[in-house]
Amino acid sequence: MKYDNLCVAAIRSTCLDGIDKANSGHPGMALSSAPILYTLFTRHLVSDPTHPKWVNRDRFVLSAGHASMLLYTMLHLGGYNVTKQDLKSFRQLGSKTPGHPEFGHTSGVDATAGPLGQGIGQAVGMAVAETMLQAQYPEGDKLFNHYTYCLCGDGCLEEGISQEAISFAGVQKLNKLVLFYDFNDVTLDGPLSNSSVENTAERFDAAGWNVIKVADGNDCDAIDRAIISAKSSQDKPSIIIVNTIIGYGTPNQGTNKVHGSPIGFDGSQKAKEFYHYDYPSFEIPEEVYLTFRSTFNARGVKSFKNYEETFATYKKNHQEEANYLETVINNDVSSLLLKNTDSIATEKPEASRVASGHILNLFSKELKNLVGGSADVASSTKTMMNDESTYMPSNRAGRNMNFGVREFGMATIQNGMLLHGGLRTYIGGFLVFSDYLKPAIRLAALSNLPAIYVFTHDSIALGEDGPTHQPVEHLAMLRSMPNVNVVRPADTCETNAAWKLALESTSTPTCLILSRQNLAPIFDTNYEGVKQGGYVVSKEREKVEFTLVASGSEVNLAIEAQKLLLEDGIDTRVVSMPSMYSFNKLPEEEKEEIFGAKYENRIAVEMLSAFGWYRYAKHTMCQDEFGASAPGNEVVAHFGFTANNLKNKVKDILNSNK
Ligand SMILES: Cc1ncc(C[n+]2csc(CCOP(=O)(O)OP(=O)(O)O)c2C)c(N)n1
């Protein structure tokens, strides 16, 4: 195209200016990838900057989030709400242009990225969502018909998460997923060959991908041809491997010196001379804006307008479905959760994982857009929707997902599905393996996604599998993350409430912490209490002397101990604390009222780490060492979690307080 060279030079120069002004940032990949994004935006990407949340836009994920200055420059030129001033405020407090792209913060940013590799998983999730939604609606291809593009670097592909996501995408034949690989052959510390010798093309080929190569990363026409070829793939996702030069045009190009430090005025000046770009800092000639307006903008605005017309016709023919889509598009399904408000009473003891399975199946009938699965442990985590089929290339309407043994991949894919919009999702695994996917929970929390994690086998009580499978420190880890609601229900009623709260959430991820062993129903458990986070489940007889605070399976233990203590003349209260996250939001006086007894006269009981409990109680009966392999009840007794022990502990404390 006429102004290709000028446009690419302008993009590169603006990246240099932004990073130099901030005196911080990563010029290397911004410069090497500039022609890739320029070609994508001007010749292919379909998105309307005046409707940045349009559901059928093409998605773009910058997995190599450190190249953020490049994305911001593209968004600026593309007409999003990113001004020249925003580019000048790169990486400054309160700016729209933070160090790494943040979803919901900057218009046009489709995913939060920076932790390398996760963006690939998110892009896979978006591509999954497109196929699912197409199948969920009659004539769904009229509503959902877009591509998902992702740009990664050497680092993303070194991260293990990339392999999990790539394998899944290959199995699922996500042919509308296009991954650009900026193969500049250099990472932060030096040449890629220091740490990787694998053949990327063969790796992707082996995973069922369509592999396309571009020999010269400055050749926009070659990049264009590669994209055309990728878009025509019928049954495979595509990778476009583009040979590039890191820090192209700068004095230290081709080396890790240009990876993550500003080039500086002199070096940038030399680069601009090399690009034949003779404009002052941050100045961009009108021809560049014109090019974007006549290509990217014109295409996007026209496509959005066409879509509006299509949607209006669709609504006439399928009013109910169109209304449903409008309701759920922003992941808010609270208005659809009317029927299942009451607790599900059970007479007999039931494991909370089992209760969760029943409840999920009830909710799955209310929410047609609920989809989910597990990392090969569905029968253990009870995460199957019994009347639903499995999502596969031959069955995009399947609502059960088989992620394979890929916890991290699964969690990043869930994030991508939620980022896409239109679906509600859950994923399941053992609590002990929450470590494997923790970084994706963090991104969900940071991105305000209402992700749901069904974590079962929640304590040493799981028994025979032993300490490798028995979580100890995991709740402390999960609870310490901002914007994550960790709910550990005490019985079936609380489990139902926890699920409902998880589905009612619109911007906070929820971890459901569920037992393998049976839990007896507790008379006073209720939805409002779980929503509040902590509440009295067993009152004192007359005057509270001491309070037992517990969660999950230990609430029953506390109630048993309460009875024994009363027999010995000690009047106590039991507080169920399913969610510290919610409880922490209560006013201080309300918290004190719920506890009833002063700080010194409280004990927290939980068969996991005591870490975090001292905020609520001076004393703990917790599990601060690894567990053991034996039948569950024996392990529990071995580590002293008996009502009698708890009773004695409370009595000792009261005696020593005298
Ligand atoms: C999970 C994770 N680990 C480490 C980093 C720090 N980091 C940022 S970029 C980078 C090197 C990436 O190399 P490459 O993808 O080749 O990017 P380029 O050097 O081309 O900019 C590293 C280690 C990170 N952002 N995320």
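We count ligands from 1, going down the list as the structure has it; atoms in each ligand are counted the same way. Values in this document were obtained by computation on a predicted structure and should not be read as measured data.
For the pair E159 and ligand 1, a heavy-atom separation below 4.0 Å is found. Residue A64 places no heavy atom under 4.0 Å from ligand 1. Contact between G28 and ligand 1 is absent, with no heavy atom of the residue lying under 4.0 Å from the ligand.
Protein heavy atom at the shortest distance from atom 23 (C) of ligand 1 is L188 CD1, 3.9 Å. Protein heavy atom in closest approach to atom 14 (P) of ligand 1: G155 N, 3.5 Å. When only non-hydrogen protein atoms are considered, atom 25 (N) of ligand 1 lies nearest to G114 O, 2.9 Å. The nearest heavy-atom contact from the protein to atom 9 (S) of ligand 1 is H259 CE1, 3.3 Å. The protein heavy-atom contact nearest to atom 20 (O) of ligand 1 is N184 ND2, 2.6 Å. Nearest to atom 16 (O) of ligand 1 among the protein's heavy atoms is V186 O, 2.7 Å. What sits closest to atom 17 (O) of ligand 1 on the protein, heavy atoms only, is H66 NE2, 3.2 Å.
Side-chain polar atoms of T42 and R299 form no donor-acceptor pair below 3.5 angstrom. In this structure, a donor-acceptor pair under 3.5 Å is present between the side chains of D154 and Y181. For the residue pair Y581 / T510, no side-chain donor-acceptor distance below 3.5 Å is found, with atom types taken as modelled.
Checking each of T14, I11, N297, L37 against L77 for a side-chain contact (heavy atoms from CB on, under 4.5 Å) leaves exactly one that passes, namely I11. Only one option out of H420, R59, H146, K176 pairs with E130 in a side-chain hydrogen bond (donor to acceptor under 3.5 Å, both in side chains); it is K176.
Using the six-membered ring where Trp is involved, W209 and F204 have ring planes that are perpendicular, over 60° apart on the 30 and 60° scheme.
Residue nearest to atom 26 (N) of ligand 1, selected from N256, L116, I161: L116 (by heavy-atom distance).
A salt bridge does not link D48 with K53: every distance from a Lys NZ or Arg NE/NH1/NH2 to an Asp or Glu carboxylate oxygen is 4.0 Å or more. Between D458 and R488 a salt bridge is recorded (basic side-chain N to carboxylate O distance below 4.0 Å).
With N331 contributing its side chain and L418 its backbone, the two residues share a donor-acceptor pair below 3.5 Å.
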As a quick check of understanding, evaluate side chain to side chain donor-acceptor pair (under 3.5 Å) for S162 and R203, giving each step before the final call.
CA-CA 11 Å; S162 65; R203 172 181 164 195; 2.9 Å; yes

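Near D154, with a cut-off below 4.0 Å to any heavy atom, the atoms of ligand 1 are 14 (P), 15 (O), 16 (O). Short contacts between ligand 1 and G153, defined as distances under 4.0 Å to a heavy atom of the residue, involve ligand atoms 15 (O). Counting the atoms of ligand 1 from 1 in the order shown, those under 4.0 Å from a heavy atom of T187 are 13 (O), 16 (O), 19 (O).
Note that atom 6 (C) of ligand 1 has no protein non-hydrogen atoms nearby, at separations under 4.0 angstrom.
For the pair I246 and ligand 1, the shortest N or O to N or O distance does not fall below 3.5 Å.
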